[in-house]
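Here the structure comes first, spelled out in structure tokens, and everything after it is commentary.
Residue numbers count from 1 along this sequence. When reading the values below, keep in mind they use all heavy atoms of this one structure, side chains included, and skip hydrogens, waters and symmetry mates.
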Amino acid sequence: MTCPARDSAAATDETLRQHIHDIRGHLSPAMLRADSLALSKDAHTRQAAQDILAALDAATRELSAMRRLLSARTP
């Protein structure tokens, strides 16, 4: 017999994994656009692109950490 709490936790973990995956997917176009802007001849545009890329990198690192925490919880 399965434990309802364990089944519920597994379903919640899977839902969270899917949200993490989806969020990374939403960030990908912004990363591609910022990469393109980083090649600009304009120094201000390049700096803005670097700032955006740094923020996006930080967000993806946090999502990766969340995924690792979920994996560590799974028996």
Side-chain angles (χ1 to χ4, degrees):
M1 182 184 300
T2 62
C3 173
R6 184 175 294 148
D7 291 345
S8 177
T12 298
D13 285 359
E14 185 54 37
T15 300
L16 289 172
R17 282 185 189 89
Q18 185 61 46
H19 282 298
I20 290 167
H21 174 81
D22 291 348
I23 291 167
R24 289 175 70 95
H26 294 311
L27 294 175
S28 292
M31 292 179 117
L32 290 171
R33 181 64 76 153
D35 281 338
S36 175
L37 291 172
L39 301 175
S40 173
K41 292 180 181 180
D42 180 65
H44 292 292
T45 301
R46 283 194 313 273
Q47 183 57 54
Q50 291 304 318
D51 294 343
I52 293 166
L53 287 168
L56 292 169
D57 285 342
T60 56
R61 280 193 306 274
E62 290 295 328
L63 291 170
S64 294
M66 290 172 63
R67 188 182 323 189
R68 284 191 301 275
L69 287 172
L70 284 171
S71 295
R73 285 184 0 162
T74 304

So with a 6.0 Å cut-off around CE of Met31, is the heavy-atom count from everything else above 12?
yes
Minimal heavy-atom distance between Leu37 and Thr45, with the atoms involved, is O-CG2, 3.8 Å
Between Ala49 and Ala34, what is the shortest heavy-atom contact and its length?
CB-O, 3.4 Å
Do Leu56 and Met66 belong to the same hydrophobic cluster, where Ile, Leu, Val, Met, Phe, Trp and Tyr are linked whenever their side-chain heavy atoms lie under 4.5 Å apart, directly or via other members?
yes
Spacing of His19 atom NE2 and Glu14 atom CD [to the nearest 0.5 Å]:
10.5 Å
In Å and rounded to the nearest 0.5 Å, what is the CG to CD distance from Asp35 to Gln50?
8.5 Å
Arg24 backbone acceptor or donor facing Ser28 side chain under 3.5 Å:
yes
For the pair Arg46 (side chain) and Ser40 (backbone), establish whether a donor and an acceptor sit closer than 3.5 Å, ignoring hydrogens and angles.
yes
Taken to the nearest 0.5 Å, the spacing of Arg17 CZ from Thr12 OG1 works out to 11.0 Å
Would you say Leu63 ends up clustered with Ile52 if hydrophobic residues are merged whenever their side chains have heavy atoms under 4.5 Å apart, either directly or through other cluster members?
yes
Would you give the length of the straight line joining atom OG of Ser71 to atom CZ of Arg68, rounded to the nearest 0.5 angstrom?
9.0 Å
Do Leu27 and Ile20 belong together in a cluster built from hydrophobic side chains that touch within less than 4.5 Å?
yes
